[in-house]
Amino acid sequence: MAKEYNFREIEQKWHRLWTERQTYKVSEDERREKFYVLNMFPYPSGAGLHVGHPLGYIASDIYARYKRQQGFNVLNPMGYDAYGLPAEQYAIKTGQHPEKTTFANIDRYREQLDKIGFSFDWDREVRTCTPDYYHWTQWAFEKMFNSYFDEELQKAQPIEKLIEKLKKEGNWPADEKAQSDLLMNYRIAFLGETMVNWCPKLGTVLANDEVVEGVSVRGGYPVEQKKMRQWCLRVSAYSQRLLDGLDTIDWSESIKETQRNWIGRSEGAEIEIPYSLSGETAGSFTIFTTRADTMFGVTFFVLAPESELVDKVTTPEQRAAVDEYLKYVKSRTERERMIDHTVTGVFSGAYGINPITGDKCPIYIAEYVLAGYGTGAIMAVPAHDSRDYAFAKHFGLPIIPLVEGADVSEESYDAKEGIVINSPISPDKSVKYDGECLCLNGLTIKEAIAETKRFVKAHNLGRVKVNYRLRDAIFSRQRYWGEPFPVYYKHGIPTMIPEECLPIELPQVEKFLPTETGEPPLGNAQIWAWDEKNRKIVDKKLIDEAAGIYPIELYTMPGFAGSSAYYLRYMDPHNSEALVSDRAASYWQNVDLYVGGSEHATGHLIYSRFWNKFLFDLGVSKKEEPFKKLVNQGMIQGRSNFVYRIKETNTFVSFGLKDKYDVTPIHVDVNIVKNDILDLDAFKAWSPEYATADFILEDGKYVCGWAIEKMSKSMYNVVNPDMIVENYGADTLRLYEMFLGPVEQSKPWDTNGIDGCFRFLKKLWALYWDKDGNLALTDDEPSADSLKTLHKLIKKVTGDIEAFSYNTSISAFMVAVNELSQQKCSSRTVLQTLPVLISPFAPHIAEELWEALGGEGSVCDARWPQYDEKYLVETSVKLGVQFNGKVRFDMLFPADATPEQMIELATSAPEAAKYLEGMQVVKTIAIPKRIVNIVVKPKA
RNA sequence: GCGCUUGUGGUGGAAUUGGUAGACACGCCAGACUUAGGAUCUGGUGCCGAGAGGCGUGUAAGUUCGAGUCUUAUCAGGCGUACCA
């Protein structure tokens, strides 16, 4: 009996041995070059892993193992993003503590992950919800609170430096409350009164990236705008650095572009606009524009409804109309505002004075202007902005074209190219400043923008300004299951609990819902007051300002708090003195390869970069950018199967015959379908309803229909990796996940093809054993063919791993194993190299073979082989000779033939003669090792 | 609307970066061994055509001796974003 490929035995054995031998333990080793591979850590959901989750882990595990075999000291850690909404909502429903469900889920994840054979160093596991981890989340928050962003240095500085500066300038108030309020305008973590995305259904605020199309990403509940006092992070201060950094990292162009758009840098000008009420000058406001060149086309101004100026510019006559409009705007949800772009607005009664033309233009209030961007006020140029155009048409306001040849009778001309006209329309329409007046006529738009900026600056009418779309991140949540803030309120002033007293542990509560008085869930905590003198947390009944016992913050931190710097913690996960020791940070530097989904482009991947830049300013992180190379793995979609029930019956008709009947398609569990053929007995057993089902078959089989949909329980298309491992083994799963297609590409999971990978492993296994089950190995010199096969394979696989093209390297393995098997190769030289090459992809079988062959230690530490070109040289090359008439034949050229010799050989070949007869050669082209082209035409 | 991205057999996908399109795998067909097979092995399999041959990389043009690959236009799908002045 030949030796069987018993994957169960092999995989169990090696899981045991890897643990016993601590094969995957890594430590800092300055003598070796480091390589840091990282996956976005998962949120441990109750549903467990499906077959899509491990995709990225497998891809990076392959790379990590490969790098290790190349001699690098590889850090490849794993952990859990453990704070999150589902656990809390489950807790609200069942009363079970979220920690309990979270830890149970983590155990399940771990069990599933362990089956797949990753090279993670589990000693470095982190969980964002454990105190020894969130200690450093709180610590970073305190550092941000105690820092400000120095615009000149473009980096974070200690807040004391700012206080000194303010004192020197005489701007330091005496009152403590005033001091606190003043500093809040500068701190990187600050308490701010801002418009927030409030989700009433979830009872919490959400960050911009947590809201899509006006509803919450989690749960899909409506979101409204609300003004609230919240903790915020001054991410916007880092806008320019976040933008510049993109040019230094190896990320896909599309993700970088998404971040550039999200940061949204726009260069423009801020211009002061004086306004008059009832004919008298009453003050001024500032507008922002990127089209300073269109100042001569301004016919009205618009303020955002939420702007503080609204109140000031409203005249008594317009008061009622304005109030009504504001009421209307408030009644609209964010979602309505997004979808419905009908023109609305109201006249304020005031007029703004265009400083360039001196014209008085009406000031309107309209919701199409956003309070959060620029100054919340704009100058409207209907001729060259489609939104202003629609507004002007609706309210019958004048439209002045400013570009030569632009027809603005039907729509605005928004393009930024052309020659400027009507600027000014007549010489008296340009106000003189210090004897100079602006004239843009005849300039290109680009020139006109520059000229206007110069003019505005020179005469102090405004300033050149860069605006960013990126907004500060709202950092507090009204939830229980998150990091508590290390903050107490001393006489209403937010104060940090001293760093030495961290971590502040999440208190126990009876109920996870908000309190009856509307406080966040932490309001239910009893032991939740800060005793300043004794530096400890005490019962909140003891709160007594005179005794120095104060209330602690009830908000908790958002999901991205714990996930923003976790890669640093992996470097030194058990350090209780620091987030990461200087030695570990200096050694591991930053992540060389980061793998994860592209859905985090505007969330985690921005916050993480921001957080790291801040820690870099502090000297904690050693690199400005946290992730050198990013690979975005695609999503795995589900492939659903359908059966077709004839209406009003319990009879099911096969796919090919369904059009003959009136049928209803029904989702059927993909796990009882194989190659689209339904397992009839399993189907009857699947649900009592189908126990008595009848079938109309084709060719004795029931064929199911299929569709590509999201992988979800309700569509019965969830494929569990455990099942695959059970039936085929982890190595087959790993191979097949990679074989499915490029890692970056989204694709449906289809278990149908998996047999191919399983067969391949069996063939590989069979290469090593004779029919009696003994090692079939000789010390003979390998044949030239075998050496060529081997070196071709090494070359291909090495190149493919570097290029992240795993599907093609697996194909190459399949070809190579087929070739070696045909060559009946039993040479030790060749067969000993093969396990090393395959081990990143299929580590278990590789270890087993490596051991059987008497290899030393683990195959993980075997050196990655080098290929030798000399085995790849062809002795002769078979080439096509191509004529322009699409006629071709094959012939052999010597490998070292020059192009001239190739042409000579081709034209004089007997096969060529018949094509050349009666023709004259126009041109000959030879591509070495490829092809000869002979262009002929009939002789005149 | 804007930005990014992808279109190749029945299916997943290859193509040395401008050089024999469809590697490899699934599926399918035929055969072998079998009491049996959702096991294993061998051969075939882009489409049309009996055949010689013709046609083929979403569509249409272009550059080139030569285009899946480059250029332009166009169509279709996917992702992101949305009144950002």
Side-chain angles (χ1 to χ4, degrees), chain A residues 2 212-214 252-262 264-266 268 287-291 294 302 304 337-341 343 366-370 372-381 384-388 390-391 414 467-471 598-599 601-602 632 634-635 639 674-677 679 706 735-736 739-742 744-757 759-760 762-763 766 795-796 799 805 807-815 818 878-886 888 890 922-936:
Chain A
V212 172
E213 287 174 2
S252 75
E253 214 32 61
S254 70
I255 287 264
K256 287 199 210 176
E257 203 49 38
T258 306
Q259 291 212 343
R260 285 194 193 103
N261 290 340
W262 191 259
R265 179 193 155 100
S266 62
I287 57 101
F288 175 75
T289 180
T290 53
R291 291 292 303 275
T294 58
V302 188
R337 221 166 140 168
M338 248 167 206
I339 295 163
D340 174 22
H341 284 185
V343 178
E367 60 176 341
Y368 84 90
V369 172
L370 306 177
Y373 185 76
T375 57
I378 62 150
M379 61 180 213
V381 185
H384 302 289
D385 182 291
S386 51
R387 294 152 301 173
D388 297 346
F391 195 84
D414 290 16
N467 254 327
Y468 299 91
R469 201 176 78 104
L470 186 67
R471 295 196 223 164
S598 57
E599 66 272 21
T602 54
N632 293 114
M635 288 226 277
R639 186 180 187 276
K674 179 152 180 163
N675 291 335
D676 292 334
I677 309 295
D679 181 334
W706 59 272
L735 281 177
Y736 188 57
F739 186 69
L740 222 43
E744 293 94 334
Q745 197 172 302
S746 285
K747 57 225 162 217
W749 177 267
D750 180 357
T751 311
N752 287 342
I754 200 164
D755 287 323
C757 290
R759 265 176 220 145
F760 158 71
K762 283 194 278 196
K763 278 183 205 162
K795 185 177 181 180
K796 175 89 177 126
S805 177
N807 55 334
T808 52
S809 40
I810 293 168
S811 295
F813 276 117
M814 290 173 173
V815 173
N818 275 338
K878 193 179 183 189
L879 290 164
V881 177
Q882 194 155 10
F883 296 83
N884 68 336
K886 285 203 170 183
R888 63 170 184 255
D890 291 336
V922 178
K923 200 172 176 181
T924 53
I925 295 155
I927 293 112
K929 289 184 136 189
R930 293 264 171 242
I931 208 158
V932 175
N933 258 291
I934 301 169
V935 187
V936 293

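Labels below follow one simple rule: chain letters A, B, ... track the order of the sequence lines, proteins then strands, and each chain is numbered from 1. Bear in mind that the values here come from a model prediction, so they are computed numbers and not experimental data.
- Note: CD1 (A:Ile810) to C1' (B:rG12) measures 13 Å, nearest angstrom.
- With both ends at atom C1', the span from B:rC83 to B:rC2 equals 12 Å, rounded to whole Å.
- Nucleotides B:rA21 and B:rU8, compared at atom C1', are 8 Å apart to the nearest Å.
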* **From CA spacing to verdict: side chain to side chain contact (heavy atoms under 4.5 Å, CB included), A:Glu257, A:Ser252** => CA-CA 9 Å; A:Glu257 203 49 38; A:Ser252 75; over 6 Å; no
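- Here the P atom of nucleotide B:rG10 and the CG atom of A:Asp750 are 17 Å apart, to the nearest Å.
- Distances were taken from every side-chain heavy atom of A:Glu257 (C-beta onward) to each of B:rU81, B:rG38, B:rG3; the shortest belongs to B:rG3.
- When atom types are taken as modelled, the side chain of A:Tyr373 and the backbone of A:Arg469 share no donor-acceptor pair closer than 3.5 angstrom.
- Only the C1' atoms considered, B:rU45 is 14 Å distant from B:rU11, to the nearest whole Å.
- For the pair A:Gln745 and B:rG13, the criterion of a side-chain N or O lying under 4.0 Å from OP1 or OP2 is met.
- For B:rA14, one of the phosphate oxygens OP1 or OP2 lies less than 4.0 angstrom from a side-chain nitrogen or oxygen of A:Asn807.
- Counting only distance, with no hydrogens or angles, the side chain of A:Asn467 and the backbone of A:Ser266 share no donor-acceptor pair below 3.5 Å.
- Rounded to an integer number of Å, the gap from A:Glu599 CD to B:rG80 P is 9 Å.
- In a base pair of the Watson-Crick type (N1 to N3 plus N6-O4 or O6-N4) or a G-U wobble (N1-O2 and O6-N3), with each distance short of 3.5 Å, B:rA67 is matched with no nucleotide.
- When each of A:Arg291 and A:Trp262 is assigned the nucleotide of RNA chain B bearing its nearest heavy atom, the one mapping closer to the 5' terminus is A:Trp262.
- As judged by a 4.0 angstrom heavy-atom cut-off over every strand, A:Val369 is placed among the base-contacting residues.
- Relative to the side chain of A:Lys747, the nucleotides B:rG27, B:rG13, B:rC24 differ in distance, and B:rG13 lies closest.
- Between A:Val369 and A:Ala304, the shortest heavy-atom contact is O-CB, 3.2 Å.
- Rounded to whole Å, the C1' atom of B:rG18 lies 8 Å from the corresponding atom of B:rC70.
- For the pair A:Asp755 CG and B:rG38 P, the computed distance is 12 Å after rounding to whole Å.
- Taking the side chain of A:Arg469 as heavy atoms from C-beta on, and the options B:rA82, B:rC4, B:rG13, the nearest nucleotide is B:rA82.
- Each of A:Leu740 and A:Ile378 lies near RNA chain B, and the nucleotide nearest A:Leu740 is the one positioned closer to the 5' end.
- Rounded to whole Å, the P atom of B:rU6 lies 14 Å from the corresponding atom of B:rU69.
- The listed nucleotides are B:rG13, B:rG27, B:rC83; the one nearest the side chain of A:Tyr368 is B:rC83.
- Going from the P atom of B:rG9 to that of B:rU59 covers 10 Å, rounded to whole Å.
- Distance, A:Arg759 CZ to B:rU40 C1': 9 Å, rounded to whole Å.
- Residue-level contact check: A:Pro748 touches neither bases nor backbone, having no heavy atom under 4.0 Å from any strand.
- Across all strands shown, the partner of B:rG80 is B:rC2, judged by Watson-Crick or G-U wobble contacts whose two distances both fall under 3.5 Å.
- Each of B:rC41, B:rA85, B:rA82 was ranked by its minimum atom distance to the side chain of A:Tyr373; first place goes to B:rA85.
- Within 4.0 Å of A:Lys795, counting heavy atoms only, lies no atom of the nucleic acid at all.
- Between A:Gln259 and A:Ala601, the shortest heavy-atom contact is NE2-O, 2.9 Å.
- Between A:Val302 and A:Ala380, the closest heavy-atom pair is CG2-CB, 4.3 Å.
- By the 6.0 Å and 45° rule, A:Arg639 does not stack over the aromatic ring of A:Trp749.
- Proximity note for A:Ser254 (side chain, C-beta onward) versus B:rA39, B:rA85, B:rC4: the nearest is B:rC4.
- Considering only side-chain atoms of A:Asn261, the nucleotide from B:rG3, B:rG13, B:rC83 that sits closest is B:rG3.
- With its glycosidic angle within 90° of 0, B:rG9 is assigned syn.
- Rounded to an integer number of Å, the gap from A:Glu744 CD to B:rG78 P is 21 Å.
- Pairing of B:rA50, defined by two Watson-Crick or G-U wobble distances under 3.5 Å, is not identified with any nucleotide.
- Atom CG of A:Asn818 is separated from atom P of B:rC24 by 9 Å (rounded to the nearest Å).
- Pair assignment for B:rU42: B:rA30, on the basis of Watson-Crick or G-U wobble contacts that are both within less than 3.5 Å.
- Using Watson-Crick or G-U wobble geometry with both donor-acceptor distances under 3.5 Å, B:rA60 finds its partner in B:rU72.
- In the set B:rA15, B:rC24, B:rU81, B:rA15 carries the atom at the smallest distance from any side-chain atom of A:Thr808.
- Glycosidic conformation, B:rU17: syn, with the torsion inside 90° of 0.
- The side chain of A:His341 lies closest to B:rC83 when the candidates are B:rC83, B:rA25, B:rC26.
- A donor-acceptor pair under 3.5 Å is absent between the side-chain atoms of A:Lys796 and the main chain of A:Phe813, judged by distance alone.
- Residues A:Tyr736 and A:Gly753 come closest through the heavy atom pair OH-N, 3.3 Å.
- For the P atoms, the distance from B:rA76 to B:rU64 is 32 Å, rounded to whole Å.
- Between A:Arg639 atom CZ and B:rC26 atom P the separation is 15 Å, expressed in whole Å.
- For the P atoms, the distance from B:rC28 to B:rU81 is 42 Å, rounded to whole Å.
- Judged by Watson-Crick or G-U wobble contacts below 3.5 Å, the nucleotide B:rA14 has no partner.
- You'll find that the side chain of A:Thr289 is closest to B:rA85, out of B:rG13, B:rA25, B:rA85.
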